Amino acid sequence: INHLYFSCSNEEKEKTEGKYDTYSIEGHGPLPYAGFGGMLNIIRTAQRHNDLGTRLFDNLRDGDWLLDYILNRLKGHDNL
């Protein structure tokens, strides 16, 4: 489960032989973790301030890139 939520850049690169890194959002930069944990701080801050105008939500509205990234990085993990 740790890999699902928290995998830093170096861990992600090592596990995927350099194929994946943490997700980077235009105008925000790379997330701290490749898993769901990378988005949690942004979501919590947006929730506290009732702000749906963050770069993360803009990215989600613009397309399926983040969802595709999450699904593709987990495909090779049989134990998840």
Side-chain angles (χ1 to χ4, degrees):
I1 290 184
N2 185 51
H3 180 69
L4 182 63
Y5 284 96
F6 304 103
S7 182
C8 72
S9 178
N10 289 338
E11 292 170 331
E12 192 66 18
K13 287 177 187 176
E14 183 179 319
K15 289 177 186 174
T16 64
E17 297 177 347
K19 185 176 179 184
Y20 286 98
D21 196 351
T22 57
Y23 191 75
S24 184
I25 298 173
E26 186 177 333
H28 176 79
L31 297 177
Y33 300 106
F36 291 112
M39 296 173 275
L40 288 179
N41 188 44
I42 297 170
I43 292 169
R44 287 181 181 145
T45 300
Q47 182 183 24
R48 277 194 303 272
H49 298 283
N50 195 26
D51 179 14
L52 295 177
T54 67
R55 296 290 184 171
L56 173 64
F57 296 130
D58 288 343
N59 183 274
L60 293 171
R61 283 189 285 272
D62 287 343
D64 295 332
W65 299 287
L66 180 57
L67 179 60
D68 290 341
Y69 165 81
I70 292 169
L71 293 174
N72 287 327
R73 70 176 279 269
L74 297 176
K75 280 183 182 177
H77 299 279
D78 297 332
N79 58 346
L80 293 177

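All heavy atoms count here, side chains included; hydrogens, waters and symmetry mates do not. Please read all numbers here as calculations on a predicted model, not as lab measurements.
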Using the side chain to side chain contact (heavy atoms under 4.5 Å, CB included) criterion, which residues pair with [X]? Sequence neighbours excluded.
X	result
N50	none
F57	I43, A46, L52, T54, L60, R61
T22	S9, P30, A34
Y5	I1, F36

Pairs meeting criterion side-chain hydrogen bond (donor to acceptor under 3.5 Å, both in side chains) with involvement of residues 36-45, two or more places apart: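 Of all non-adjacent pairs touching residues 36-45, those that pass side-chain hydrogen bond (donor to acceptor under 3.5 Å, both in side chains) are T45-R48.
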Residues sharing L40's hydrophobic cluster, by side-chain heavy-atom contacts under 4.5 Å among ILVMFWY, directly or via others?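 ILVMFWY cluster around L40 holds nothing else.
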P32 to G38 - nearest heavy-atom pair and separation: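 Of all heavy-atom pairs spanning P32 and G38, the closest is CD-O, 3.7 Å.
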Atom pair [atom1]/[atom2] of [X] and [Y] - distance to nearest 0.5 Å:
X	Y	atom1	atom2	answer
N2	Y33	CG	OH	9.0 Å
L31	D21	CG	CG	10.5 Å
I42	N59	CD1	CG	9.5 Å
L74	L4	CG	CG	6.0 Å
M39	I70	CE	CD1	3.5 Å

Can you check side-chain contact (heavy atoms from CB on, under 4.5 Å) on L56 and L66, steps first, answer last? CA-CA 9 Å; L56 173 64; L66 180 57; 3.6 Å; yes
Can you give me every donor-acceptor pair (side chain of residues 11-18, partner residue at least two apart or in another chain, under 3.5 Å) with its distance?
unit_1: E11; atom_1: OE1; unit_2: C8; atom_2: N; d: 2.9
unit_1: E12; atom_1: OE1; unit_2: S7; atom_2: OG; d: 2.9
unit_1: E12; atom_1: OE1; unit_2: R73; atom_2: NH2; d: 2.9
unit_1: E12; atom_1: OE2; unit_2: R73; atom_2: NE; d: 2.9
unit_1: K15; atom_1: NZ; unit_2: H3; atom_2: ND1; d: 3.1
unit_1: T16; atom_1: OG1; unit_2: E12; atom_2: O; d: 2.7
unit_1: T16; atom_1: OG1; unit_2: K19; atom_2: N; d: 3.4
unit_1: T16; atom_1: OG1; unit_2: Y20; atom_2: N; d: 2.9
unit_1: T16; atom_1: OG1; unit_2: Y20; atom_2: O; d: 3.4

Would you call the rings of Y23 and Y69 parallel, tilted or perpendicular if under 30° counts as parallel and over 60° as perpendicular?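 Because their plane-to-plane angle lies in the 30° to 60° range, the rings of Y23 and Y69 count as tilted.
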